[in-house]
Amino acid sequence: MYDPTRLAALVAVAEAGSITRAAERLGYTPPALSQQLAKLERETGTALLVRHHRGARLTPAGELLTARARRVLDELDRARHELARLTGLSGGALRLGTFQTAGIQLLPPVLSAFRRAHPDVELSVADYEPPAGVAAVAAGEVDLALTHTYEPAVPAPLPASVTAEPVLVEELVLVTAPGHVLAGDTSRLPLAGLAGQPLISMAPDHPPRQGVEAALARAGATPSVLVATPGYALVCALVSAGLGVAVVPEMVARTAVTPVGTRLLEPGDLRRTISVVRRTGESAPAADAFRALLRGAFGRAHGVGHGSGT
């Protein structure tokens with residue numbers, strides 16, 4: 001049994017007329033491609049190419065093997081497409097729900113990787129502010145949804161019809177105007193250090209943030225501006241303009257469009273968990289493949305200390 005990669009290399013040389021041009025097409029260096037061809041010649045026990053200063057030509061054995069190789073490679077390509085259709089990753093659709101900042105900061109590279117791997121799957125993305133994405137999955141409006149929960153908070157029970165898989169946990173950090181007295185220190189700031197500070201609040205009636213807002217109120221932060229809808233870009237802009245300080249997810253702070261100072265808090269138990277929600281007991285190849293990509297991408301984001309926000 002000959003290696004299909006080496007057969008493809010032989011076909012490429014036959015079509016390009018030279019090892020150098022074939023290597024460019026295949027993404028090899030010429031020496032690496034020559035090594036593959038040499039291995040194929042050892043496997044066949046005969047010379048397949050005659051190399052000359054203008055390129056390379058096939059020997060009679062090379063011509064025979066190239067003709068058969070084209071058929072083999074065509075069959076393998078057909079098999080790949082048929083297997084993709086069989087497993088549901090060729091054609092079909094994947095419907096995704098996300099909240100805004102995850103959709104901007106974390107989802108695009110995952111969508112790009114999925115599209116490269118499964119170009120025939122139709123993708124759609126809808127915006128759902130948590131916890132609306134959970135309800136959308138339960139209702140069958142989307143196949144998967146990114147959602148989040150905050151700590152501290154009263155746990156909100158999930159419908160029995162859905163399952164949430166955590167993919168990223170991030171701390172909440174303090175953001176201030178550049179040069180603020182509380183910024184620029186590498187030590188953690190105790191929550192009590194927020195006493196008397198004007199706070200850009202994410203609206204105490206916003207369910208996911210209620211526990212966090214209560215903790216900040218107990219620390220003595222004084223509401224200065226209430227942002228009635230959960231928009232972290234607006235919060236950071238108000239902070240940057242000097243209207244107050246805010247406590248936001250770490251990636252929000254790191255990727256803020258407007259300049260802000262940041263500082264870690266003590267204790268570091270103000271957190272947010274981003275999860276992907278699916279219907280319980282339901283397995284679909286496209287959704288499963290996308291979840292696997294999410295785990296890898298979000299794990300890398302967590303490894304460099306990044307997270308995401310609404």
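All figures in this text were calculated on a predicted structure; none of them were measured in a lab.
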Report yes if some heavy atom in the side chain of [X] is under 4.5 Å from a heavy atom in the side chain of [Y]; otherwise report no.
X: Val142; Y: Val125; answer: no
X: Leu191; Y: Leu216; answer: yes
X: Leu189; Y: Leu194; answer: yes
X: Leu7; Y: Leu65; answer: yes
X: Val248; Y: Val239; answer: no
X: Pro152; Y: Leu270; answer: yes
X: Val235; Y: Val252; answer: no
X: Arg278; Y: Asp143; answer: no

Atom [atom1] in [X], atom [atom2] in [Y]: separation rounded to 0.5 Å?
X: Arg21; Y: Leu33; atom1: CZ; atom2: CG; answer: 12.5 Å
X: Thr149; Y: Leu158; atom1: OG1; atom2: CG; answer: 9.0 Å
X: Glu41; Y: Glu43; atom1: CD; atom2: CD; answer: 10.5 Å
X: Leu37; Y: Gln35; atom1: CG; atom2: CD; answer: 10.0 Å

- Examine the side chains of Thr66 and Arg70 and answer whether a donor and an acceptor come within less than 3.5 Å of each other.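 There is no such pair (donor and acceptor under 3.5 Å, judged by atom type) between the side chains of Thr66 and Arg70.
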- Task: Compute whether any side-chain donor of one residue and acceptor of the other, for Gln36 and Thr5, lie under 3.5 angstrom apart.
- Result: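 Side-chain D/A pair, Gln36 to Thr5: absent.
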- Task: Apply the test side-chain contact (heavy atoms from CB on, under 4.5 Å) to residues Thr44 and Arg6: give CA-CA distance (whole Å), side-chain angles for both, the deciding distance (0.1 Å), then the verdict.
- Result: CA-CA 11 Å; Thr44 61; Arg6 294 168 193 159; over 6 Å; no
- Query: If Ile, Leu, Val, Met, Phe, Trp and Tyr residues are connected whenever their side-chain heavy atoms lie under 4.5 Å apart, and connections chain through other members, are Val181 and Leu243 in the same group?
  - Reply: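 Yes, one cluster joins them.
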- Message: Between Arg254 and Glu250, does any NZ, NE, NH1 or NH2 come within less than 4.0 Å of an OD or OE carboxylate oxygen?
- Response: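 Arg254 and Glu250: salt-bridged.
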- Should Arg291 and Asp288 count as an ion pair when the cut-off is N to O under 4.0 Å?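 Counted as a salt bridge, because a side-chain N and a carboxylate O are separated by less than 4.0 Å.
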